[in-house]
Amino acid sequence: MGLDSILQVIQPLPQTAGENDFRSRPKSSWDSAEIKDKFSMFIDEGDYQPNWLQRTLGQAWDTFRLPPKQRRYMQKLDANILLYAFLSFFIKTLDNSNISNAYVSGMKEDLHLYGNERNLFTTFFNIGYLIGAVPSQFILNRVRPSIWIPTCEFIWSGLVMAIAGCKSPNPIYGIRFMIGFFESVAYPGLAMVLGSWYLPSELAKRMQLYDAAWAIASMFSGYIQAGVYHNMNGLAGFKGWQWVFIIDGIIGIPIALLGYYSIPDFPINTRVIWMKQIEKEYSYVRMEEVGRKAPKRLTFKRVVGMFKSWRPYGFLWPWCLFNICDTTGYFNLWLDSLPFYSTEQVNLIPTGGYAISLVSGYLSANISDRIGYRWAFILNAVAWCFFGNLLLAIWNIPFGLKMFAFFCPDIGYALWGMMLAWSAEIFQDDAEMRGMLPALGSTLSYAMNAWLPVVIFPTQKAPKYIVGYQIITALIGLEFIGVLFMLYMSRREAHQRGRVMNKFGLAVDAEDAVEGFTAPRVSDAEKDVEAGVTVIDGLEPVDLESTSTEGEKTVVKEKQTL
């Protein structure tokens with residue numbers, strides 16, 4: 001096999017398609033009538049009306065209210081892309097939680113971990129993640145996500161199981177470093193893939209569910225550890241804490257195999273067998289209608305060029321601050337200082353925060369998808385974090401109010417998925433930036449978290465961290481300003497480039513504002529025409545008077561720019 005053949009297998013860039021395949025044709029040659037005819041099975045809704053049950057379920061998940069063929073298409077995407085992303089993030093979060101659970105379940109005594117070894121396990125993992133995060137994005141640009149991500153998953157699974165065989169802490173340091181390195185590609189890489197397949201009315205819910213794997217895994221890790229320790233301790237000569245790592249690794253292997261099958265790469269070059277050729281082509285065309293660009297070759301020069309614009313700074317400002325301002329881990333220290341809570345209650349009460357996170361994140365994402373705005377919900381999440389830490393900075397407040405204050409940051413958990421969805425839309429003209437920025441943000445956050453908590457939340461002052469909470473409150477205030485900065489700069493950039501608003505409410509170059517051909521995701525009212533304004537699926541309104549028709553192509557006038 002020659003070099004060209006090898007690159008054709010692994011590269012995630014466009015392949016040569018058939019003559020009639022829209023992926024191989026310039027957009028200027030696209031004909032609206034041809035598109036509507038070719039994809040009529042997806043975009044011609046006819047007289048279809050969802051029944052009352054479908055409308056009700058559709059309030060929770062959009063696919064329920066779609067016509068049958070559109071529904072099956074969306075279910076394919078969810079059952080493969082979204083399911084794999086969720087499982088991958090879930091098992092990795094479970095492992096990161098279980099290193100602490102194993103420590104208090106016999107690992108400490110068996111390996112004689114009476115020094116700072118537990119903290120070093122985390123430190124070496126963070127170092128590996130720091131070193132691997134950005135290079136992994138370069139690799140992901142050269143090697144298909146459907147190859148690189150599952151391969152890293154396989155290696156990661158073997159490394160996790162290897163911890164069970166360690167007889168001292170020294171080899172665990174190296175293993176944890178390598179686990180962090182091979183894990184670093186997953187979160188930003190899968191977020192980039194997710195952002196390449198879903199419309200704005202679909203994206204935030206999926207991003208939030210993907211990110212919810214963290215809360216679900218964190219919630220259940222303690223229960224899983226307890227069950228394994230109780231039922232498998234001593235089985236086949238392994239201690240309970242060893243079985244935790246073995247099981248984590250065993251679960252990771254079929255997830256890796258699933259990745260080779262499920263990850264579709266990008267609409268421009270996907271080759272998955274679970275999608276028909278017409279569906280692959282339709283996926284590309286509908287993303288082009290949104291304005292989401294296909295991947296391009298990532299070079300060092302391009303990365304340098306990224307940092308000559310406002311975009312990296314606008315994203316990293318709020319993203320990193322939200323990472324380093326997480327104070328949910330200090331809740332149990334306060335509970336443990338109270339004489340009327342048992343050890344079991346100290347461990348169980350904070351898990352209620354994960355449930356709050358899931359509900360808050362889902363509601364924010366669902367409503368955001370419907371109305372087409374992201375920034376308002378991000379500011380709402382930041383405000384809850386600010387309010388909770390402000391109360392804790394005061395500290396001498398009633399007991400019930402203090403309990404409420406500790407749960408407030410969990411309400412603000414929605415920020416994670418919403419930021420991923422928002423950045424996928426603001427930076428939709430640059431696929432590599434959508435993957436690079438979360439990776440770089442995680443790198444900077446890990447670097448900050450390596451020392452900042454030690455300084456402002458010293459163990460000897462637990463749980464009364466008044467100064468710590470004051471500093472965090474101030475940083476969250478800067479985070480709020482950072483979100484506003486990102487909003488302002490994105491609108492300013494759109495105005496300076498003369499961009500227009502497409503039917504999805506997204507700013508695109510004028511030449512990319514193609515006529516809409518996909519069926520609108522309509523609400524129960526189907527279409528609401530009021531005072532000269534058409535509202536499609538709750539997205540940003542399009543002023544009918546601001547458009548004119550030339551032939552078969554709708555031209556958006558200058559007043560439609562941001």
Side-chain angles (χ1 to χ4, degrees), residues 92-93 96-97 99-100 116 118-137 176-177 179-181 183-188 191 211 214 218 303 306-307 310-331 333 378 381-382 384-386 388-390 392-393 409-410 412-413 415-420 423 433 435-462 465-483 485-486:
K92 291 175 177 60
T93 304
N96 288 332
S97 299
I99 192 73
S100 297
N116 202 35
R118 179 176 176 271
N119 290 333
L120 288 174
F121 292 158
T122 301
T123 299
F124 276 93
F125 171 87
N126 290 346
I127 294 173
Y129 200 104
L130 287 169
I131 294 175
V134 174
S136 287
Q137 296 307 305
R176 289 289 291 172
F177 171 87
I179 288 174
F181 182 89
E183 183 175 322
S184 62
V185 67
Y187 185 80
D211 201 66
W214 171 84
S218 299
V303 174
M306 290 180 185
F307 284 89
W310 68 271
R311 291 181 168 191
Y313 313 102
F315 176 85
L316 294 173
W317 180 349
W319 180 268
C320 292
L321 284 175
F322 188 74
N323 270 278
I324 66 178
C325 291
D326 181 15
T327 56
T328 55
Y330 304 105
F331 189 8
L333 297 179
I378 296 174
V382 174
W384 280 107
C385 295
F386 179 87
N389 282 279
L390 178 63
L392 294 174
D410 293 305
Y413 173 74
L415 185 143
W416 294 97
M418 205 67 66
M419 278 291 292
L420 290 175
S423 63
M433 183 172 287
M436 182 68 71
L437 291 185
L440 186 58
S442 296
T443 299
L444 295 175
S445 300
Y446 275 122
M448 290 291 291
N449 279 323
W451 62 271
L452 184 62
V454 178
V455 175
I456 64 177
F457 293 102
T459 303
Q460 61 271 22
K461 292 189 176 181
Y465 295 122
I466 294 178
V467 175
Y469 289 120
Q470 288 174 343
I471 294 174
I472 293 297
T473 301
L475 291 176
I476 295 175
L478 293 176
E479 181 184 340
F480 194 94
I481 297 172
V483 176
F485 174 78
M486 187 170 172

With rounding to the nearest 0.5 Å, note down the distance linking [atom1] in [X] to [atom2] in [Y].
{"X": "I131", "Y": "S136", "atom1": "CD1", "atom2": "OG", "value": "11.5 Å"}
{"X": "C385", "Y": "D410", "atom1": "SG", "atom2": "CG", "value": "8.5 Å"}
{"X": "I456", "Y": "I324", "atom1": "CD1", "atom2": "CD1", "value": "8.0 Å"}
{"X": "F485", "Y": "Y313", "atom1": "CZ", "atom2": "OH", "value": "10.5 Å"}
{"X": "L321", "Y": "L478", "atom1": "CG", "atom2": "CG", "value": "6.5 Å"}
{"X": "D211", "Y": "M418", "atom1": "CG", "atom2": "CE", "value": "10.5 Å"}

Atom of [X], atom of [Y] and distance for their closest heavy-atom approach:
{"X": "N389", "Y": "P409", "answer": "ND2-CG, 4.1 Å"}
{"X": "T443", "Y": "L130", "answer": "O-CD2, 2.6 Å"}
{"X": "L444", "Y": "C320", "answer": "CB-SG, 3.8 Å"}
{"X": "F315", "Y": "P318", "answer": "O-CD, 3.3 Å"}
{"X": "Q137", "Y": "A439", "answer": "CG-CB, 3.8 Å"}
{"X": "T473", "Y": "L390", "answer": "OG1-N, 3.4 Å"}

- Query: Ignoring hydrogens and geometry, is there a side-chain-to-backbone donor-acceptor pair from Y465 to P458 under 3.5 Å?
  - Reply: yes

- Message: Determine whether F457 and I471 satisfy the following criterion, side-chain contact (heavy atoms from CB on, under 4.5 Å), listing intermediate values before the conclusion.
- Response: CA-CA 10 Å; F457 293 102; I471 294 174; over 6 Å; no

- Sub-6.0 Å ring centroid separation between F386 and F480: no

- Message: So N126 and N449, do their side chains get closer than 4.5 Å, heavy atoms only?
- Response: no

- Query: Looking at side-chain heavy atoms only, is the closest gap between L415 and E479 below 4.5 Å?
  - Reply: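 In short, these two side chains touch, coming nearer than 4.5 Å.
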
- Report the C-alpha distance between V303 and M436 in whole Å, list the side-chain angles of each, state the deciding distance to 0.1 Å, and finish with yes or no for side-chain contact (heavy atoms from CB on, under 4.5 Å). CA-CA 9 Å; V303 174; M436 182 68 71; 4.2 Å; yes

- Message: Does I481 form a side-chain contact (heavy atoms from CB on, under 4.5 Å) with W317? I'd like the steps, not just the answer.
- Response: CA-CA 9 Å; I481 297 172; W317 180 349; 3.9 Å; yes

- Query: When you look at L420 and Y187, which way does the side-chain contact (heavy atoms from CB on, under 4.5 Å) test go after all the steps?
  - Reply: CA-CA 11 Å; L420 290 175; Y187 185 80; 3.4 Å; yes

- Item | Residue of the set D326, T328, L333 for which side chain to side chain contact (heavy atoms under 4.5 Å, CB included) holds with Y330 |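 The side chain to side chain contact (heavy atoms under 4.5 Å, CB included) with Y330 is passed solely by L333 among D326, T328, L333.
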
- Using the ring of each side chain (for Trp, its six-membered ring), is F125 parallel, tilted or perpendicular to Y129, with breaks at 30° and 60°?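 It falls in the tilted class, 30° to 60°.
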
